[in-house]
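Input: a single structure, listed below in structure tokens.
Chain naming here is simple, since letters A, B, ... match the order of the sequence lines and numbering starts at 1 in each.
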Amino acid sequence: MDTPVSRRAVLAGTAVGIAVPAAVTVSGATTGVTRRITLYAEALPGGLFGYGTAPGQATVPGPVLEIWEGDTLEIDLVNATNQRLSIHPHGVDYSVDSDGSPLNDSFNDPGETRRYVWHTREMSAAAGRRFMPGSAGYWHYHDHAMGTDHGTAGIAKGLYGGLIVRRRGDILPERQFTVVFNDMMINNRMAPHTPMFEAHQGQRVEFICIGHGGLPHTFHLHAHRWADNRTGMLEGPADPSHVIDNKNLDPGSSFGFQVIAGEGVGPGVWMYHCHVQFHSDGGMVGLFLVRNPDGTMPPGAQAAIDRFHAHSHSHG
Amino acid sequence: MDTPVSRRAVLAGTAVGIAVPAAVTVSGATTGVTRRITLYAEALPGGLFGYGTAPGQATVPGPVLEIWEGDTLEIDLVNATNQRLSIHPHGVDYSVDSDGSPLNDSFNDPGETRRYVWHTREMSAAAGRRFMPGSAGYWHYHDHAMGTDHGTAGIAKGLYGGLIVRRRGDILPERQFTVVFNDMMINNRMAPHTPMFEAHQGQRVEFICIGHGGLPHTFHLHAHRWADNRTGMLEGPADPSHVIDNKNLDPGSSFGFQVIAGEGVGPGVWMYHCHVQFHSDGGMVGLFLVRNPDGTMPPGAQAAIDRFHAHSHSHG
Amino acid sequence: MDTPVSRRAVLAGTAVGIAVPAAVTVSGATTGVTRRITLYAEALPGGLFGYGTAPGQATVPGPVLEIWEGDTLEIDLVNATNQRLSIHPHGVDYSVDSDGSPLNDSFNDPGETRRYVWHTREMSAAAGRRFMPGSAGYWHYHDHAMGTDHGTAGIAKGLYGGLIVRRRGDILPERQFTVVFNDMMINNRMAPHTPMFEAHQGQRVEFICIGHGGLPHTFHLHAHRWADNRTGMLEGPADPSHVIDNKNLDPGSSFGFQVIAGEGVGPGVWMYHCHVQFHSDGGMVGLFLVRNPDGTMPPGAQAAIDRFHAHSHSHG
């Protein structure tokens with residue numbers, strides 16, 4: 001659940017003009033390259049399903065897929081389950097063959113392997129001073145075929161993950177966390193079994209937030225805030241974006257942002273949670289542990305974690 | 001449901017400095033003009049009601065009304081029904097007499113004709129470097145008097161439509177579609193009877209999205225994306241806007257955007273739907289048919305349409 | 001409920017380069033100052049609770065707290081109730097001791113006084129051309145400890161209020177209104193007992209909108225609109241922000257904006273309401289009375305107010 005950058009599916013070439021943090025493993029290339037991966041959809045304990053990059057490695061959520069604007073990603077999806085399923089992306093370009101929908105006869109029968117191709121592109125000039133948007137964004141992928149023609153059973157059971165398309169010059173994070181609000185759960189878990197994300201104070205961490213299921217939600221992070229724009233940072237003093245710490249995270253929507261862990265507030269245990277009150281009370285809450293800069297535990301942090309595990313969801 | 005530009009209620013003067021697509025019928029004038037139309041509110045089969053620009057022509061949704069920033073629109077609303085109703089706009093300027101609300105005694109009794117006047121204006125300087133917003137936007141209009149003091153019965157039964165106020169220099173589309181998420185329906189229809197919008201690959205199409213009723217929704221369009229700002233296009237490389245393909249479409253809200261049909265993805269049948277899973281499963285889904293550039297059907301498109309009509313909302 | 005600026009808890013130093021409206025009482029200082037206040041949490045009639053700046057002065061919502069970016073606010077919170085409670089802010093910086101959460105053992109037992117410290121800061125440079133966001137925004141504060149570990153009972157019963165962090169150069173309003181959508185109520189009231197906000201035509205008024213509870217909402221204001229960015233005004237002709245008059249106001253979210261009362265539309269009685277139809281029908285509606293420039297009542301206004309009190313929520 002706590003995904004250091006070194007464990008994510010890093011597909012990106014080196015950013016242009018940006019110092020890549022030492023912890024980030026990146027492979028060569030610049031633009032317009034085609035990358036190929038194999039994903040395995042598998043059944044997991046507890047009736048869940050997941051995507052993984054190797055047999056027996058499926059997780060909920062699936063691996064974060066990252067590419068640069070201009071790249072193409074070819075995915076060979078192996079359906080190792082006994083149910084119809086697919087992979088459908090948001091934000092990127094794909095032909096009807098890669099739609100991932102039963103409508104377009106684009107899915108994997110049980111046992112079947114099928115190739116899905118996702119293209120991306122940079123912004124392009126329109127009339128006047130305007131530009132048609134490019135692909136850069138904090139997107140996501142999910143099943144679109146299990147249970148119903150919209151993949152409702154697959155999504156409910158864990159077939160989803162983050163997809164990032166970065167623009168040249170974007171800043172890369174040191175740590176990366178995926179938060180999926182899916183009905184009354186976070187990453188298909190409820191407190192106190194929700195993910196505890198960890199970083200050292202001062203590290204640049206990236207949150208990828210995805211909404212799924214049938215209920216409206218709002219994502220709130222304690223003691224940190226971000227700009228409500230593409231990157232979560234301001235483009236300059238005239239950037240008019242809202243700065244927020246609470247945002248709608250409704251089905252099919254996604255956003256992402258970077259914060260400096262503990263900046264201006266210090267280390268400690270910070271909650272992230274749905275701000276719909278009966279959702280947070282019901283278990284849609286997790287912890288963001290900001291350790292001391294040297295990685296040691298700050299005073300009071302373990303006690304807070306223990307409280308969370310002991311009685312977080314009853315009246316004190 | 002599929003509204004070519006030539007059928008919409010074009011009220012706009014010619015855009016300044018923009019090549020107007022040949023298909024767009026526009027009538028002279030530049031700024032500050034007053035336009036007058038008559039709208040007819042009528043009962044329709046199935047218990048519905050609609051607005052139309054001529055007797056017997058009412059539709060659900062009503063006609064798209066378009067004006068340029070600075071123009072005034074005078075509407076003589078003829079109530080051809082046996083119920084109290086009105087027309088209430090979003091985004092434009094109106095005095096209490098044109099509020100369309102029972103609160104301000106602004107509505108039509110059965111059989112009554114009443115004039116509503118909507119003004120618009122350009123942005124104006126405030127203190128500092130700031131500007132008070134002008135009227136340009138993808139807005140909408142709806143009943144505010146049938147059934148309750150908020151027009152809940154009128155809205156539920158189809159009394160709504162799109163209203164666009166364009167800024168000088170805005171790009172005009174070649175085709176235009178109105179999508180209204182109203183409780184569990186799209187334009188008061190459920191799949192497979194929801195609108196199938198059509199365009200040729202490469203055409204500039206405009207979506208006007210409006211939320212109504214009592215439920216939260218998210219609008220998703222397959223294989224196309226837009227900037228989450230006023231026009232749906234980026235103002236330039238430094239425009240910090242989110243680029244999205246899924247957005248909240250909750251009661252009373254509206255947005256619009258333009259895409260190039262099939263750009264980067266090719267022709268085919270693409271879904272648009274509410275991404276709340278049980279809403280899409282329940283019928284909040286329609287089709288966007290992107291034909292070949294010459295207007296012929298692309299391979300597989302008819303088969304997809306047939307599947308949609310045969311069994312789109314059951315387990316495959 | 002109608003909060004003239006002179007009654008709000010003005011904590012701000014003088015804005016740089018901005019003419020401060022004469023009605024605003026401000027105390028010296030420029031940047032980086034520390035301000036101290038005492039807040040009293042008290043039980044109110046009807047099972048409500050409120051925050052106030054003096055004993056016996058608690059209100060629902062609590063006082064608007066305002067500071068400049070860079071300032072620190074120290075709050076001594078006196079718990080004059082017989083229940084556990086706290087104060088938790090959005091948008092500002094605080095250590096775990098001031099988190100206001102039971103998770104971090106940060107709350108007031110009955111009768112206890114506890115100090116909470118909120119810091120703010122300006123934007124700071126990141127890599128590339130980007131900036132980490134500063135604290136300026138329309139934020140809010142609320143209980144995070146009564147009833148559950150998320151303060152669900154305290155929020156339900158009125159323990160909330162607005163918090164504004166202004167950036168140097170921001171324009172100050174002449175009047176200021178706080179609107180909290182909390183389950184099916186506005187400021188824990190239902191029509192016709194919801195707040196009637198008042199201004200003279202031409203006055204610059206500020207709305208602070210806050211969402212709470214367990215339900216999704218949309219805030220709509222008749223005959224006025226704003227830019228969907230940090231200030232509600234455009235930064236210039238190239239500001240790409242949506243201009244809106246209806247916006248999601250879901251639990252934990254907040255936004256604010258300024259409008260010129262009656263600009264382009266004239267004086268009169270204007271509704272603000274939740275646009276979820278059964279919410280507005282059920283009483284989530286209030287009035288914004290725009291008086292004539294000289295403060296007298298415009299024609300028809302009293303009649304509208306009388307209608308609102310007599311039968312606003314039944315079929316006319």
Please report the C-alpha distance between A/His217 and C/Asp250 in whole Å, then the side-chain angles of each, then the deciding distance to 0.1 Å, and finally whether the side chain to side chain donor-acceptor pair (under 3.5 Å) criterion is met. CA-CA 8 Å; A/His217 301 290; C/Asp250 294 310; over 6 Å; no

Most contacts with chain A, counted as non-hydrogen pairs under 4.5 angstrom, among [options]:
options                                : value
C/Ser124, C/Ser254, C/Ser135           : C/Ser135
C/Ser101, C/Ser253, C/Ala156, C/Ala153 : C/Ser253
C/Ile155, C/Leu215, C/Asn104, C/Val92  : C/Asn104
C/Gly137, C/Gly134, C/Gly236, C/Ala126 : C/Gly134

Under the 3.5 angstrom rule, does the side chain of [X] hit a backbone N or O of [Y] as a donor-acceptor pair?
X        : Y        : answer
A/Thr218 : C/Gly252 : no
C/Tyr94  : A/Ala223 : yes
C/Asp105 : A/Ala304 : no
C/Arg129 : A/Glu235 : no
A/Asp281 : C/Thr148 : no

Given heavy-atom pairs under 4.5 angstrom as the criterion, report whether the side chain, backbone, both or neither of [X] touches chain A.
X        : answer
C/Ala136 : backbone
C/Asn248 : side chain
C/Ser241 : side chain
C/Leu234 : neither

Are C/Asp93 and A/Arg225 within salt-bridge range, i.e. N to O under 4.0 Å?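 So C/Asp93 pairs with A/Arg225 through a salt bridge.
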
In plain terms, say whether A/Asp239 and C/Arg130 are close enough for a salt bridge, that is, a side-chain N and a carboxylate O under 4.0 Å apart.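 Looking at C/Arg130 together with A/Asp239, the answer is no, because their closest N to O distance does not fall below 4.0 Å.
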
Contact between A/Trp270 and C/Leu103 at the side-chain level, heavy atoms closer than 4.5 Å - yes or no?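 Answer no - side chains too far apart.
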
Checking side chain to side chain contact (heavy atoms under 4.5 Å, CB included) between C/His150 and each of A/Met284, A/His273, A/His279, which is the one that passes?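 So the option named by the test is A/His273.
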
Part of [X] within contact of chain C (heavy atom distance under 4.5 Å):
X        : value
A/Gln258 : backbone
A/Pro240 : both
A/Ile260 : both
A/Pro298 : neither

From C/His144, C/His142, C/His88, residue fulfilling ring-ring contact (aromatic ring centres under 6.0 Å, His included) relative to A/His275: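 Of C/His144, C/His142, C/His88, ring-ring contact (aromatic ring centres under 6.0 Å, His included) with A/His275 is met by C/His142 alone.
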
For the rings on A/His222 and C/His90, is their centre-to-centre separation under 6.0 Å?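 Not under 6.0 Å, so no.
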
